[in-house]
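Read the structure below first, then the notes.
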Amino acid sequence: MESKPVKAQRATVRFFDGLEVDGYRMPNGEFRVGVVGASEVLGYSRNWLGRVLKKSGNTVKALRSFGFTEKTEKVVTQSVRGGGTEAETVSLEDFNRLIVYATFKGKKAALALQLSLTKMALNDFFRDAFGEVPLSIEEKRQLFYEAYAAVISPENWREMDREDILRLALAGDEPQVRWGLWNR
């Protein structure tokens with residue numbers, strides 16, 4: 001029996017212009033990430049994680065080895081016109097494990113995401129240790145973007161625009177994944 005979707009609040013979590021995921025806040029305050037956005041931001045096709053979760057192949061086994069729980073939760077958000085929009089979500093902990101997995105599998109977008117998040121967090125801790133004022137959210141987005149771009153295109157990222165960098169990072173599935181060979 002499939003459980004009924006939980007009513008949740010939806011917001012766009014923007015890392016920088018063009019790189020974002022759908023975020024959801026559950027009634028208990030927990031934050032979750034949409035399955036489609038998680039797939040895309042890691043450099044996979046939008047239906048990658050949904051496909052992986054429906055099968056019990058090597059990818060799921062590998063994800064489990066990283067501590068991935070496979071627990072998704074369906075949510076529904078109310079639209080202005082009265083209808084609800086449904087989405088499948090994963091926890092922030094599982095999203096973090098997906099980032100690590102995709103990095104391990106060589107996804108450049110995931111590596112850029114991981115290194116950018118780590119750089120931001122380390123910067124915050126060091127600023128605090130030296131009594132400096134925390135960066136504003138816009139300063140954090142700029143720091144994040146610079147770290148992300150440097151990973152995606154280390155040679156000439158400063159000359160590229162954001163769309164070029166995102167196109168390099170989020171190219172979609174490699175041919176073997178597109179043809180269903182990803183789980184063999």
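Starting from 1, each residue takes its place in the sequence as its number.
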Kindly indicate whether the side chain of [X], heavy atoms from C-beta on, has any atom under 4.5 Å from the side chain of [Y].
X	Y	value
Leu98	Val33	no
Tyr24	Val76	no
Ser116	Val151	no
Glu40	Val36	yes
Asp22	Thr12	yes
Phe95	Val41	yes
Ile99	Leu42	yes

Legend entry - Verdict with supporting geometry, Ser91 and Lys71, side chain to side chain contact (heavy atoms under 4.5 Å, CB included): CA-CA 8 Å; Ser91 68; Lys71 293 178 185 169; over 6 Å; no

Legend entry - side chain to side chain contact (heavy atoms under 4.5 Å, CB included) between Lys55 and Val60, worked out: CA-CA 8 Å; Lys55 300 185 179 194; Val60 171; 5.6 Å; no

Quick check on the hydrophobic clustering: are [X] and [Y] connected, directly or via other members, by side-chain heavy-atom contacts under 4.5 Å?
X	Y	answer
Val75	Leu49	no
Leu92	Val21	yes
Leu135	Phe15	yes
Leu143	Val13	yes
Leu117	Ile152	yes

Inset, instruction - Indicate whether the side chain of Arg10 and that of Thr77 have a donor and an acceptor atom separated by less than 3.5 Å. - result: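 Short answer, no.
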
Legend entry - Distance-only side-chain donor-acceptor flag, Gln142 / Glu146, under 3.5 Å: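 Distance-only check passes for Gln142 and Glu146.
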
Inset, instruction - If the plane angle is over 60° it's perpendicular, under 30° parallel, otherwise tilted; pick one for Tyr101 and Phe66. - result: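 Perpendicular.
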
Legend entry - Passing candidate, side-chain contact (heavy atoms from CB on, under 4.5 Å) with Phe68, options Val100, Asp94, Thr59: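 Going through Val100, Asp94, Thr59 one by one, the side-chain contact (heavy atoms from CB on, under 4.5 Å) with Phe68 is satisfied by Asp94 alone.
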
Inset, instruction - Spell out, as yes or no, whether a donor-acceptor pair under 3.5 Å connects the side chain of Thr118 to the backbone of Leu115. - result: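 Checked: no pair found.
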
Inset, instruction - Give a yes or no on whether the backbone of Tyr44 and the side-chain of Ser39 come within a donor-acceptor separation of less than 3.5 Å. - result: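 Flag not set: sc Ser39 to bb Tyr44 has no pair under 3.5 Å.
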
Inset, instruction - Determine the minimum heavy-atom distance between Lys119 and Ala147, stating which atoms define it. - result: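 Looking at all heavy atoms of both residues, the closest pair is CD-CB, 3.8 Å.
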
Inset, instruction - Give the minimum heavy-atom separation between Glu73 and Arg32, together with the two atoms involved. - result: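 Heavy atoms of Glu73 and Arg32 come nearest at N-NH2, 3.4 Å.
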
Inset, instruction - To the nearest 0.5 Å, tell me how far Arg141 CZ sits from Met120 CE. - result: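 Answer for the CZ-CE pair, Arg141 versus Met120, is 9.0 Å.
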
Legend entry - Reported CZ-to-CD distance for the pair Arg25 and Glu30, which is rounded to 0.5 angstrom: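 If we round to the nearest 0.5 Å, Arg25:CZ and Glu30:CD are 12.5 Å apart.
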
Inset, instruction - For Arg14 and Glu20, run salt bridge (Lys or Arg N to Asp or Glu O under 4.0 Å): C-alpha distance rounded to whole Å, both residues' side-chain angles, the deciding distance at 0.1 Å, then the answer. - result: CA-CA 4 Å; Arg14 183 172 58 93; Glu20 52 197 35; 5.5 Å; no

Legend entry - Step-by-step side chain to side chain contact (heavy atoms under 4.5 Å, CB included) determination, Leu63 to Arg97: CA-CA 8 Å; Leu63 283 167; Arg97 286 170 174 87; over 6 Å; no

Legend entry - Ring-ring centroid check Phe16 Tyr148, cutoff 6.0 Å: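 Yes, the ring centres sit under 6.0 Å apart.
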
